[in-house]
Amino acid sequence: MQGSQSADGNNTHGKPVDSSPFLVIMDELTRFDITTFYTRERTRQLCRANEGIIPVQQDNGVSDESSDEDEELKDTILPVCHTAELGEGSQPIHTAKRYDRTVKKVVEIPQPNIVKLYNTNMGGVDLADCLLSLYRIPVRSKKYYHRLIFHMIDMAINQAWLLYQRDYETKRIPQEKRHPLLSFRMAVSESLIRTGKIVKRGRPSSNEKTADPPKKRCQQMSQVRPLMDVRLDKVGHFPEVKNPRLYCKRLGCKGRTNIRANNPAREIAGRLNIQIRSVYRWITLNERRGNIENIPRCGAPRRTSREDDDIIVATARRQPLSNAVAMRQMTGIQVGIQTYRKRLHKAGIHHLRPATKAMLTEKHKEERLGFALQYYPMDFSFWSSVIFCDEKTFSSDDHGELHCWRPNNTRFEAKNIQPTRRSGRITAGLWGWMAACGPGELVVIDEHLNSLQYIEILEQKMIPSVRALLIPEPNPIYIAMDDSTVHNAAIVTDWFQRHSEVIRIQWPARSPDLMPIENLWSQMVKKWDSNSAKTKVNLVAHAMNIWEAMRLKRGVENICETLVRSMSRCLNSVIGCNGSYTKY
C-alpha cells in the first residue's frame, strides 16, 4: 500500500496536488514502493470517511484510513516526512494508555500499528524536540542571537544527558540512582555556578584594621566541595607545576622536580581534611556497589515492635508524672527500663522537672474563667492605673540564682554544696505595691499580718504614696490584691465600703499567675544575698536596698510596664485553658 499516514493515529492517503517540496518527495518515494506518513496538527480535520466528514473535535484513539483513489490531500496538512517499512498500515491494532480529561484517569485506547512503529523508531530530531519542549531556558529578549545561543545550550545539555544515560546503562546502574533530566540540568547549573569560587571560613582577625598587623601564617582557604560526580570521575591526571621542588619519587632517582601528577584523590583528601586512603576506599566501594552507603551492620535485634512503641508513648502522654518502672507495670511490656527511656527520647519525650502550682478545683477554675471573661476587654489604659499589692516573706536562708562549676562525679563534695537551715532562720514580712510606672512603696510588717495592721498600711502608706506618685485626687484608685483571709476580713471589707475612692478588684483565689507583682518579687529573690541577712535588721535593710535599687535603676520601669501589658495575654490564656493552669 502506498500513500501517507498520520502519526497521531489518523491515516490518510492521497496524491500531491501542488508543487510543494514535501509532496514532490512523497511522490518520488511512492514510485520506489516506499511507504511514507506525516504528522498533522490536532486542530486539522481528519480525512473523508465513507459516511461523511469527521468533525474536528475527536476522542483519543480515533483514526481513519483512505487510499489514493478516495480523495486528494488537503492543503492544511502539516507535513513532517518520515520513512517507514514497506507495507506498514493500521493493522494490527494495539492498545496504548492515555489520560482522559473527561473521566480524569488513565484509560486504554486503540493504537494503529503504524503509530506504534513511529513512536518506537522516532529519530533524533523528534527526540531532541521532545526534550527541548520539557525544560527550555526562558528567553524574553527580542535579539535573535540570544535565542540561538540559549537554544544551543539547551541542545548541548540534552545531548549530554543522553550520553549520561547511555553510560549508566552500560555500567548497569539501577534507574533510581540516575539523575532525571531536570535534576541533571540543576547539577550542571550548580557546577557551573561554583566553578572558580573560594569560600573563606572563620571570623575575621581582630587586628585587620590596624596599620601594620602582625604577619601570621596563612592557612589554605577551603574551596567549595565539588559534586560527587566530579569527585569520582577519575579525570584530570595531568602533570602540573608546583613549588617548592621535591625529590623525585622514581626509584633510583635523586633529583628534584616541581612537576607533579594531578591526583584527584589527593586533592579531594586535602579539601576534606581526611586521609587519602579514605578517598581510595570510597572510590573502590563505588566501583563495587555503585554507592558508598554503609551496609546494615550486625547487632542485637529490636526488642519492641512498632505497636509496643506506640503503647509506650501513649502511656507516657496519658500518665506524664509516672516513672519508667511504673509505665512498665502499666503496659505489661517486659523490656529493660533503658529501652523505655530510649523509645520515649526518640518520640521527643524527655524526663524533666514538673512545674509546681497550687491545686485548682472546679470552683477555682470557674472563678478564674469568669474573671478572665469580665476583664478581657480592658486594655492597657485601664491596667496602667491599677495598683497591684502583695505580701512577701524573706528569709536569711533565701538565695538567688545558684551556679556551680564542677567536674563530673563531684556533686556531693563539701565545696560544691549549698547548705540550708531549717531552724534558726531569720524571717521578715514585707508589703509592697507596683504599677505600670514602676515599683511603689515597701513597708515592713511587724510579726504576723492581721486585718488592723493591713488597714493601717492602706491608710498611712498606700493611699498617700499612690496620690503622690501616680493618681492625684479626686480620681479613684483601683487596687488589686489576692484572695487571702486577711484581705477578706469583715473589717477590711467595711473599710473599702467607707472609702469609695478606693475600688477593690475582686481577684480569683489561687491565681498568682495573674498577679504581675509576683514576678517583681522573683526579681528581688534573684538578687538576694544570704550573707547580708545575718540579723533581722540586716535582712530588712538588704530588702530595702534591693527595692530602692529597682526603683532608681533605669529599665525597671520597662519591666513593670511589660508585666502590666501582659495582663491581656494572661487573661486570654486563662480563657483558652478554660480556667486551668497557664504557662505564666
Side-chain angles (χ1 to χ4, degrees), residues 4-10 21-22 25 36-44 60-61 63 77-85 88 94-101 105-109 111-195 226-233 235 290:
S4 58
Q5 182 164 348
S6 172
D8 57 355
N10 306 326
F22 169 69
I25 294 174
T36 60
F37 59 96
Y38 58 89
T39 59
R40 181 171 52 182
E41 294 181 359
R42 294 180 179 271
T43 56
R44 307 296 185 183
N60 292 334
S63 63
I77 293 175
L78 177 63
V80 181
C81 180
H82 297 273
T83 59
E85 295 184 3
E88 294 293 342
H94 304 277
T95 58
K97 294 183 178 181
R98 296 292 184 269
Y99 182 78
D100 193 349
R101 295 182 179 179
K105 66 179 182 178
V106 178
V107 298
E108 293 186 352
I109 61 173
Q111 183 185 38
N113 184 38
I114 189 66
V115 177
K116 181 178 181 181
L117 182 64
Y118 170 78
N119 294 334
T120 304
N121 301 306
M122 57 187 300
V125 176
D126 296 304
L127 182 59
D129 294 339
C130 178
L131 296 179
L132 286 173
S133 62
L134 294 177
Y135 310 105
R136 188 187 299 274
I137 299 177
V139 182
R140 302 184 63 180
S141 176
K142 295 182 179 180
K143 299 178 180 180
Y144 70 94
Y145 52 86
H146 285 180
R147 298 178 180 271
L148 293 177
I149 292 174
F150 285 109
H151 182 75
M152 289 187 289
I153 293 175
D154 283 332
M155 293 183 63
I157 296 177
N158 293 338
Q159 295 301 321
W161 180 73
L162 293 176
L163 294 176
Y164 164 81
Q165 293 289 341
R166 184 183 303 174
D167 293 341
Y168 269 55
E169 290 178 0
T170 305
K171 295 180 180 180
R172 297 181 180 179
I173 296 178
Q175 186 68 31
E176 58 270 10
K177 295 183 179 180
R178 306 179 190 177
H179 283 291
L181 179 57
L182 179 58
S183 177
F184 182 81
R185 293 175 67 94
M186 293 177 65
V188 172
S189 303
E190 185 177 1
S191 300
L192 294 176
I193 292 173
R194 290 184 176 184
T195 301
L227 299 177
M228 185 63 66
D229 295 336
V230 179
R231 291 166 52 191
L232 303 179
D233 59 358
V235 177

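Quantities reported herein were computed from a predicted structural model and do not represent experimental measurements.
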Can you list the residues that meet the side chain to side chain donor-acceptor pair (under 3.5 Å) rule with Q165, with sequence neighbours excluded?
R178

Any residue meeting side-chain contact (heavy atoms from CB on, under 4.5 Å) with S189, in chain and number order, not counting sequence neighbours:
none

Please identify each residue that fulfils side chain to side chain donor-acceptor pair (under 3.5 Å) with S141, with sequence neighbours left out.
H146

Closest non-hydrogen atom pair between Q111 and T95, with its separation:
OE1-O, 4.2 Å

Apply side-chain contact (heavy atoms from CB on, under 4.5 Å) to the pair L131 and L181, showing each step before the final yes or no.
CA-CA 9 Å; L131 296 179; L181 179 57; 4.1 Å; yes

Roughly how far, to the nearest 0.5 Å, is the CG atom of L127 from the CG atom of L162?
5.5 Å

Using the test side-chain contact (heavy atoms from CB on, under 4.5 Å), find all partners of K105 that sit at least two apart in sequence or belong to another chain.
V103, V107

Residues in side chain to side chain donor-acceptor pair (under 3.5 Å) with E176, at least two apart?
none

Taking salt bridge (charged side-chain N to carboxylate O under 4.0 Å, His left out) as the cut-off, I'd like each qualifying pair that reaches into residues 143-152, sequence neighbours left out, listed once.
none

Could you list the residues that satisfy side-chain contact (heavy atoms from CB on, under 4.5 Å) with K171, not counting sequence neighbours?
I173

Pair up each side-chain donor or acceptor in residues 149-160 with any protein partner under 3.5 Å, not counting sequence neighbours, and list the distances.
from	atom 1	to	atom 2	distance (Å)
D154	OD1	R185	NH2	2.8
D154	OD2	I137	N	3.2
N158	ND2	D154	O	3.1

Check: S183 side chain, P180 main-chain N or O, donor-acceptor pair, under 3.5 Å
no

F184 side, atom CZ; Y135 side, atom OH - distance, nearest 0.5 Å:
13.5 Å

Listed partners of R136 passing side chain to side chain donor-acceptor pair (under 3.5 Å), at least two apart:
none

On a heavy-atom basis, which atom in N113 and which in H94 lie closest, and how many Å separate them?
OD1-NE2, 3.2 Å

